[in-house]
Asker: 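The structure is given below, and queries will be raised subsequently.
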Amino acid sequence: MTLQWTEVADRLDAIARSKSLADGTKLKDGQRAALLAICERLRRGQRAALLADEVGMGKTLIAAALIKSVQRSGGRAAIIIPPGLGAQWQSELRRFDIADHTLSPLRSYWAFIQAYARAEHLSDRQLLRERRERELADRRLQLQLPSGAWAEEPLLLLSHTLGRLVQTEGTETEYQALLEAILKVHAGTRAYRRDPNIGAFQNVARAAAERILAGLPHHEQQRLCEGLTHRTSDLRTALCLAMGRALGKFDLIVIDEAHKTRGAKSSLSRVLDTLIWKSETAFHLGMTATPVELDPDQWTNTLARLGVQSEHLTEMTDAIQRYDREVQNIQADEALTLDLVNRYTEASRALHSALAPWVLRRDKREDDLLKRFAETCGSHREIIPIEVPISKMPLAWRRMFLTSEALSQLHEERLSPQDRRMRLSLPSGRSLRDAAGEMARLQAFDDELMQADSPSEPIGPWQRFSRELLGGEGTSLFDHPAVVRTAEEIELAVRAGHKVLVFGRFIKPMRALTFLLDAREMVRRLCADDKVENRWPQAGLGELDSEREAALKAALRDPAVNTRGLDRDAVDKTLRERASRFETARRANLEAMRRELADDPEVSDLREFWLADAGRRDGNSALLAALEDQRSFSERHQHWTKGALLAAFRSLVAEITSGDQADDSDIDVKARLTEHLFDFAGREGHFARLMYGNTAPQTRRLLQAAFNREGSWPQVLVAQSMVGREGLNLHQSCRMVVLLHLEWNPAHVEQQIGRVDRINSKWSREAEAYLESGDVSSPPPRIVIRPVIISGSYDDHHWSVLKRRWDGMRAQLNGDIIPEADADASDPERRALFEKIRAVTPNFAPPPMASPRRRA
């Protein structure tokens, strides 16, 4: 049955005009206006739209409203998402339907084929699981499979990476087994030779093929088999085709972060072009805050993914290129003229005409709070670089950096690109050993310097330098000037009441910063008075790994931190003494909790863990540490009560199981909690935490929840850019972002800042309170962005390029053609031209709550 899109539009219209959603959430006026604009497009027969609102303005909730409208009208939807965003999408969908049971994202062929491994194929299931055991060892996830066929699920979450089917020797055999089984089942072949080496795969493949074909009409079976026959040379394409038919036909395709992996052969493109089976009237909704990153032509690349026809794309290309030319002309000509502005006006109107039918983009500057804040205080963002001048570094480090910069210029025409990039290793702190190794290799390209070496001296000057770089005081990554200075600035921010979000690209310096922050905070607290507020959650040093040992040594060497002159033994002794005194003081409290829980049958789940772990007489348990993390700093100074204990435990369980759509009976809470408590067993601080690619998905969710709680640890979250810059909400207790490693792509920076610059953020609450108070004597709150720049190094060039690209992106997306500072208010004529430019800037925002005209 064909989906009636007018019915979908009516349901979407009702949501836009409703006062609140199922969970009580109220849509913002801008979100409601966007929904009405989508209704208008649906009613006039349009089947594609790009939702390009700025980061943090609630695009996911708008898309969820459309998805629910399609489901309630009898249609099916697929949401194609980057890795790690499944729990957020599930949470947004539950706002419209508290009982929503959308499965976790489908990420791999292995998860797909598991739905066809029947109970009688138990040995086959075990074999398949063994093949993936290593993959899942560090993932705290439950595999969620459909109760029936994949095609019976009204909504599926699919990963961007689903099309990235890696052809190794083993998986290629599995893939081929499925394709051959489909062809044999369709041909009516009942028996086939069983290969003992791959018998399990053949059995599961046969079961899958039978169910896949049973769900297809005969003409679709024929079409599928023809496609598999013609595409056997491209195994991945053929497999995507087969999986797509198994997943069923979709009426709505939502593409989150639609700008990613733009290549025609990328994983996302393969999912969209081959795996997704679209109905005849399918609607594509693309979502991205950055449809343009480095090249204006990326507009058409993004829109082409949504099925926009080629004739429209050609018109767009001409308009985009013309607009970009006029923007560059205005920016390049210091003497702003009427002719330039008129040409820009015509180009701007042409661009709007070409893109407006497809693009919806709300600008943060249209937000009421931002408007009021701008009128009173100016921009709500503030960039304050953390500058690390080479001239003020310790001598050893100054020599390293200056030599690194000098070596990068030697015989540049004879150096490989890898050699020329050597200058980046030392400033970014990626690896001192890598930097030294690359410097040593440069000697082969500098004949004159090599000839100057004495024949009796077997080690050349640059070899000696590389050895010096690796040894001695001042060459540890924990003493790296950028790492140390960043740690100091973060500590100042935390003491001023901020939580700090740090983004980096390279793991080694990120780990160094995290461990150094923890070590410095521990030493600082041990040097302070022995009060509850200075307690450090550690009962001794124990056996530290090499990185934490190095971080502790670096912290102890800093007299500004180690004010009592402690050494390692003194730290260990002080930790033990303070832990002993603290545990003695609260032992009676814990014993009382033990008795109360033992006699209360209503708290059996908590009692089981408490008696086994937290009921230990020394009170030093992983469960207690985890429950303490659920309390604010002020609450941690108080004794536990049974009510507070139970509330903390319920909150912890809710966080652990968040994003799980299975029934409660299907979730092994005990196993989840046991795994989670590994993070707290003998834990060392966690004032700062690291989140990177190896961080388990469940741990990422818990880190996100803890960071969003005001007053709880971690105070600093160090996130790898690829992992944390998209989709995560980290805004409820933070408005400061540190950029440890500069990006080249301004869209990545916008995504990073967007983690804290969002609806209902800490900044918005503080800004609202500031404006209501009317007190202008204190500085206004702002989103603070702190890039780390090593002055006098390649970083200066890097930062200037990033700023220029950032300006170019804002010109395309926000119409910031000329910065406000260049408007020159003292010149009325120039100011008038500047205002005209702003007035004609393309605006793709939906009309404010305009009722769509219904079709007759």
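What's counted below: heavy atoms across the whole structure, side chains too, no hydrogens, waters or symmetry copies. Here the structure is a predicted model, which is why all the values come from computation and not from measurement.
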Asker: List the steps, then state whether side-chain contact (heavy atoms from CB on, under 4.5 Å) holds for Leu552 with Arg548.
Answerer: CA-CA 6 Å; Leu552 176 60; Arg548 288 182 172 85; over 6 Å; no

Asker: Apply ring-ring contact (aromatic ring centres under 6.0 Å, His included) to His380 and list each qualifying residue two or more places apart in sequence or on a separate chain.
Answerer: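 Counting only residues at least two positions away or on another chain, His380 forms a ring-ring contact (aromatic ring centres under 6.0 Å, His included) with Trp763.
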
Asker: Quick one: side chain to side chain contact (heavy atoms under 4.5 Å, CB included) partners of Asp572, sequence neighbours excluded?
Answerer: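 Per chain and number, Asp572 pairs via side chain to side chain contact (heavy atoms under 4.5 Å, CB included) with Leu541, Arg576.
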
Asker: From the options His731, Gln752, Arg381, select the one residue that forms a side-chain hydrogen bond (donor to acceptor under 3.5 Å, both in side chains) with Asp757.
Answerer: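 The passing option is Arg381.
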
Asker: Would you give the length of the straight line joining atom CZ of Arg568 to atom NZ of Lys573, rounded to the nearest 0.5 angstrom?
Answerer: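 The CZ atom of Arg568 sits 15.5 Å away from the NZ atom of Lys573.
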
Asker: Determine, for Glu549 against Lys553, whether the closest basic-nitrogen to carboxylate-oxygen distance falls under 4.0 angstrom.
Answerer: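 No, Glu549 and Lys553 are not salt-bridged.
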
Asker: Any chance you could lay out the side-chain contact (heavy atoms from CB on, under 4.5 Å) test for Val738 and Leu501, step after step, and finish with the verdict?
Answerer: CA-CA 6 Å; Val738 172; Leu501 175 61; over 6 Å; no

Asker: Could you tell me if the side chain of Leu513 sits less than 4.5 Å from the side chain of Met510, heavy atoms only?
Answerer: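 SC-SC contact between Met510 and Leu513 ruled out.
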
Asker: Identify the heavy atoms of Phe503 and Ser721 that sit nearest to each other, and give their distance.
Answerer: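 For Phe503 versus Ser721, the nearest heavy atoms are CD2-CA, 4.0 Å.
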
Asker: Using modelled atom types only, decide if a donor and an acceptor are shared between the side chain of Asn534 and the backbone of Ala528 within a distance under 3.5 Å.
Answerer: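 Looks like no, no N/O pair under 3.5 Å.
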
Asker: Got Glu489 and Arg786 here, is their nearest side-chain heavy-atom distance under 4.5 Å?
Answerer: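 In short, these two side chains touch, coming nearer than 4.5 Å.
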
Asker: Could you state the interatomic distance from CG (Leu690) to CG (Leu717), rounded to the nearest 0.5 Å?
Answerer: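 Separation between the atoms: 8.5 Å.
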
Asker: Where is the tightest heavy-atom contact between Ala487 and Leu516, given as atom of each residue plus distance?
Answerer: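 Closest pair (atom of Ala487, atom of Leu516, distance): CB-CD2, 4.2 Å.
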
Asker: Backbone N or O of Gly754 within a donor-acceptor pair of the Arg758 side chain at under 3.5 Å?
Answerer: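 Side chain of Arg758 to backbone of Gly754: a pair is present.
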
Asker: Step by step, would you call Arg557 with Asn562 a side chain to side chain donor-acceptor pair (under 3.5 Å)?
Answerer: CA-CA 7 Å; Arg557 282 196 298 268; Asn562 188 8; over 6 Å; no

Asker: Are any non-hydrogen side-chain atoms of Ile79 and Leu158 less than 4.5 angstrom apart?
Answerer: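 No, their side chains stay 4.5 Å or more apart.
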
Asker: I need the Ser764 OG to Phe373 CZ distance, nearest 0.5 Å.
Answerer: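 Between Ser764 OG and Phe373 CZ, I get 11.5 Å after rounding to 0.5 Å.
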
Asker: A side-chain contact here means heavy atoms from C-beta on lying under 4.5 Å apart; do Val716 and Arg689 qualify?
Answerer: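 Counting from C-beta outward, Val716 and Arg689 never come under 4.5 Å.
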
Asker: Under a 4.5 Å cut-off applied to non-hydrogen side-chain atoms, are Leu544 and Phe515 in contact?
Answerer: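 Result no, sub-4.5 Å side-chain heavy-atom pair not found.
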
Asker: How close do Ile15 and Phe96 get, counting heavy atoms only, and between which atoms?
Answerer: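 Smallest heavy-atom distance, with atoms named: CG2-CE2, 3.9 Å.
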
Asker: Are the side chain of Tyr770 and the backbone N or O of Ser778 linked by a donor-acceptor pair below 3.5 Å?
Answerer: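 The answer is yes, because a donor-acceptor pair under 3.5 Å joins these two groups.
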
Asker: Hey, could you give me the OG/CZ distance between Ser651 and Arg709, rounded to the nearest 0.5 Å?
Answerer: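 Separation between the atoms: 5.5 Å.
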
Asker: Among Thr102, Thr60, Asp256, find the one that has a side-chain hydrogen bond (donor to acceptor under 3.5 Å, both in side chains) with Trp89.
Answerer: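 Passing option: Asp256.
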
Asker: Taking the side chain as every heavy atom from C-beta outward, state whether Val494 and Glu521 have any pair of such atoms under 4.5 Å apart.
Answerer: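 Not in contact.
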
Asker: Are the side chain of Gln31 and the backbone of Lys28 linked by a donor-acceptor contact shorter than 3.5 Å?
Answerer: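 Yes, the answer is positive, given that a donor and an acceptor are paired below the 3.5 Å cut-off.
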
Asker: Check the pair Met691 / Val718 against side-chain contact (heavy atoms from CB on, under 4.5 Å), numbers first and verdict last.
Answerer: CA-CA 6 Å; Met691 183 168 67; Val718 183; over 6 Å; no

Asker: Do you know the tightest heavy-atom contact between Lys762 and Cys734?
Answerer: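 Smallest interatomic distance, heavy atoms only, reads CD-N, 3.4 Å.
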
Asker: Check for me whether Lys499 meets the cation-pi criterion with Phe707, that is, NZ or CZ under 6.0 Å from the six-membered ring centre and within 45 degrees of the ring axis.
Answerer: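 Yes; both conditions hold, so Lys499 lies above the ring face of Phe707.
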
Asker: Cut-off 3.5 Å, side chains only: do Arg755 and Asn729 have a donor facing an acceptor?
Answerer: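 Looking only at side-chain atoms, Asn729 and Arg755 do not form any donor-acceptor pair under 3.5 Å.
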
Asker: Given side chains that start at C-beta, do those of Met287 and Val254 come closer than 4.5 Å, heavy atoms only?
Answerer: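 A side-chain contact exists here, since the closest heavy-atom pair is under 4.5 Å.
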
Asker: Is the closest basic N to carboxylate O distance between Lys68 and Asp100 below 4.0 Å?
Answerer: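 Between Asp100 and Lys68 there is a salt bridge, with a charged N closer than 4.0 Å to a carboxylate O.
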
Asker: Kindly give the heavy-atom pair with the smallest separation between Pro83 and Ser159, and that separation in Å.
Answerer: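 Looking at all heavy atoms of both residues, the closest pair is CG-OG, 4.1 Å.
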
Asker: Checking the side chain of Gln720 only, and the main-chain atoms of Gly693 only, is there a donor and an acceptor separated by less than 3.5 Å?
Answerer: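 Yes, the answer is positive, given that a donor and an acceptor are paired below the 3.5 Å cut-off.
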
Asker: Indicate yes or no for a side-chain donor-acceptor contact from His741 to the backbone of Leu739 under 3.5 Å, with no hydrogens or angles considered.
Answerer: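 Checking the backbone N and O of Leu739 against the side chain of His741, no donor-acceptor pair under 3.5 Å is found.
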
Asker: To the nearest 0.5 Å, tell me how far Ile98 CD1 sits from Leu93 CG.
Answerer: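 Interatomic distance, Ile98 CD1 to Leu93 CG, rounded to 0.5 Å: 13.0 Å.
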
Asker: What's the shortest heavy-atom distance between Pro780 and Arg782, and which atoms?
Answerer: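 Result for this residue pair: CG-NH1, 3.3 Å.
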
Asker: Less than 4.5 Å apart, any side-chain heavy atom of Leu103 and any of Leu157?
Answerer: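 Sidechains of Leu157 and Leu103: no contact.
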
Asker: Kindly determine whether Ile785 and Glu382 satisfy side-chain contact (heavy atoms from CB on, under 4.5 Å), including the steps that lead there.
Answerer: CA-CA 6 Å; Ile785 302 126; Glu382 184 176 21; over 6 Å; no

Asker: Does the pair Arg765/Glu768 count as a salt bridge with the N-to-O cut at 4.0 Å?
Answerer: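 No, Arg765 and Glu768 are not salt-bridged.
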
Asker: List the residues meeting side chain to side chain contact (heavy atoms under 4.5 Å, CB included) with Val561, not counting sequence neighbours, and say none if there are none.
Answerer: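 Per chain and number, Val561 pairs via side chain to side chain contact (heavy atoms under 4.5 Å, CB included) with Arg520, Val523, Arg524, Asp558.
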
Asker: Kindly compute the distance separating CG (Leu477) from CD (Glu547), expressed to the nearest 0.5 Å.
Answerer: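 It is 8.5 Å, given to the nearest 0.5 Å.
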
